[in-house]
Number of protein chains: 2
Amino acid sequence: MTERIRILVIDDEAAIRRFLRSSLPENEYFLLEAETGEAGLRLTATENPDIVLLDLGLPDLDGIEVARRLREWTEVPIIVLSARGRETDKVQALDAGADDYLTKPFGVKELLARIRVALRHSQRGKEPANPVVEADGLRIDLAARQVFLDTVEIRLTPNEYKLLAALARSPGMVLTHKQLLTEVWGPAYSEEAHYLRVYMGQLRHKIERDPAKPRFLRTEPGVGYRLIVED
Amino acid sequence: MTERIRILVIDDEAAIRRFLRSSLPENEYFLLEAETGEAGLRLTATENPDIVLLDLGLPDLDGIEVARRLREWTEVPIIVLSARGRETDKVQALDAGADDYLTKPFGVKELLARIRVALRHSQRGKEPANPVVEADGLRIDLAARQVFLDTVEIRLTPNEYKLLAALARSPGMVLTHKQLLTEVWGPAYSEEAHYLRVYMGQLRHKIERDPAKPRFLRTEPGVGYRLIVED
DNA sequence: CATTGCCATAAGGAATTCGTAAGATATCAT
DNA sequence: ATGATATCTTACGAATTCCTTATGGCAATG
């Protein structure tokens, strides 16, 4: 069977979370839970869920603010679940980046249908991305999550792979320090530029023939890094 | 101003169509109207609207059927507007391919917000045509952050690149000293015209064939600089 | 012809950014 | 618990980039 859909619910009411846990078919969906906005932001970064269900009345941050902060770096579908039914609330949430808005109480069937819509949307446009980047003996298979140099497989740690994969998704393009850090470590680490130096060094030792004269992983001083695919 | 958004409304009630026509800001949206499902299908094909607003209670076809037939060949966003508020209606419509479902009566502000969401979705996925400025052997790829002269890559420092990119974003136009300084060094440095001379010199050494007789980077005495693209 | 203002170029030290190594801490399976 | 692996942290020399200063050219002006 195919991977289960991972849904993150950000809501402080235990009753709602329990309700969702029992309503969502367990063999199709896997539920992640956060009780606060901060926890929700963190979990989105670390767990990379397929959908976020967001309550507006959170104890720490306002739900609108959570949506806005998510949209600074991710396009994960956000469905707001709120007791507030006022039109201005809906408009604010949708304009802040939410993709849908359901007023409590809502029917489970409708929620599931709207989740399917959101998944359809995030599915779309994903196909054309080429899952294999190849150049000069280096092969990065993004679908299989494997890297080869001259037919021998290179073993990469999770962070090393995420870093290389981020570069490989936009071959030839410069990715800034901030973009890479956000992609690999999450937005909270977007200033820790030295992580990049350490991990770039490790990557170069593994995939470059002469790590001191990198062929693939080029430094763009003061800006970021790029993966070179052409000659 | 940018092209108006084209919205097709498929609804047999003249009252609704009139209501929409008067509610949608006329300078942003252009409204196309169909009274029947068949007419709606035909108009979608011929007019290629940006959004379809679909009523379920049509005289000829059922709205659900219209949504299904549209989805056979187009991904245009479909927002259902219906008096039917039953959950099964919503689920059917959404699963038939609709992207959103609003129960009449609805607020105009909410409809507009949901239209914006739909437009955001259809925007996404289209890769923004990457802006390249090219002239006489010089090529500036603003997306990849790369500069070539006769196919050989020119390496630029962050400030050099920012300066050249600022000029390349308005090819042929004069940018004043103040504009360039603000762009590269920030508004606090808008009087340091001297920086420009130094960096222009460096740029010319890197991208001009004869730095003493600049072909691309022209000085406009007393005013600023411009990037020449034409012959 | 001297002066003034704007521009171009060269050069060197200051400041920032990079690469690398190595040790400390955390995580995980055995 | 133990060892293996991965991540985080720190430190420092090297490399690069930035800023500043100095010098000279050219054109317009009086």
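FYI, side chains are in, hydrogens and waters are out, and symmetry mates aren't considered; it's all heavy atoms of this structure. Each chain gets a letter, A, B and so on, in the order the sequences are listed, and its residues count up from 1.
- The separation between B/Q202 atom CD and C/dA8 atom C1' is 12 Å, rounded to whole Å.
- Residues A/V117 and B/Y101 fail the side-chain proximity criterion, which asks for heavy atoms closer than 4.5 Å.
- Regarding contacts with the backbone of C/dC18, a side-chain N or O of A/H177 is found under 4.0 angstrom from either OP1 or OP2.
- Checking B/Y189, B/W185, B/Y225 one by one against B/Y199, the ring-ring contact (aromatic ring centres under 6.0 Å, His included) holds for a single residue, B/W185.
- Here D/dA6 is the nucleotide among D/dT10, D/dC18, D/dA6 with the atom lying nearest to any side-chain atom of A/T157.
- Nearest-nucleotide assignment on DNA chain C puts the 5′-proximal partner with A/A193, out of A/H205 and A/A193.
- We find that NZ of B/K162 is positioned 9 Å from P of D/dC19, with the value rounded to whole Å.
- Set against C/dT20, D/dT17, C/dT9, the side chain of B/P158 has D/dT17 as its closest nucleotide.
- Contacts of B/Y161 with the nucleic acid, taken as non-hydrogen atoms under 4.0 Å apart, are absent.
- For A/Y199 and C/dG19, the shortest distance from a side-chain N or O to OP1 or OP2 is not below 4.0 Å.
- Taking atom CG on A/N159 and atom C1' on D/dT9, their separation rounds to 14 Å, with Å as the unit.
- Distances shown here put a side-chain N or O of A/Y225 below 4.0 Å from the OP1 or OP2 atom of C/dG19.
- Straight-line distance from the CZ atom of A/R155 to the C1' atom of D/dA6: 12 Å, rounded to whole Å.
- Between A/R197 and C/dG19, a side-chain N or O to OP1/OP2 separation shorter than 4.0 Å is absent.
- The NZ atom of A/K213 sits 16 Å away from the C1' atom of C/dC18 (whole-angstrom rounding).
- Atom CD of B/E192 and atom P of D/dT21 are 10 Å apart (whole Å).
- Side-chain N/O atoms of B/H194 and base N/O atoms of D/dT21 include a donor-acceptor pair closer than 3.5 Å.
- A cation-pi contact, defined as under 6.0 Å to the ring centre and within 45° of the axis, links A/R139 to A/F148.
- Per the geometry, OH belonging to A/Y195 stands 12 Å off C1' belonging to D/dT10, to the nearest Å.
- As rounded to whole Å, 15 Å separates atom C1' of C/dC18 from atom CG of A/L180.
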Could you walk me through whether B/V91 and A/R116 satisfy the side chain to side chain contact (heavy atoms under 4.5 Å, CB included) test, starting with their C-alpha distance in whole Å, then the side-chain angles of each, then the deciding distance to 0.1 Å, before giving a yes or no? CA-CA 10 Å; B/V91 172; A/R116 286 192 290 273; 3.8 Å; yes
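- Residue A/A118 comes nearest to A/I51 through the heavy atom pair CB-CD1, 3.8 Å, listed as atom of the first residue, atom of the second, then distance.
- OP1 or OP2 of D/dC19 has at least one side-chain nitrogen or oxygen of B/W185 nearer than 4.0 Å.
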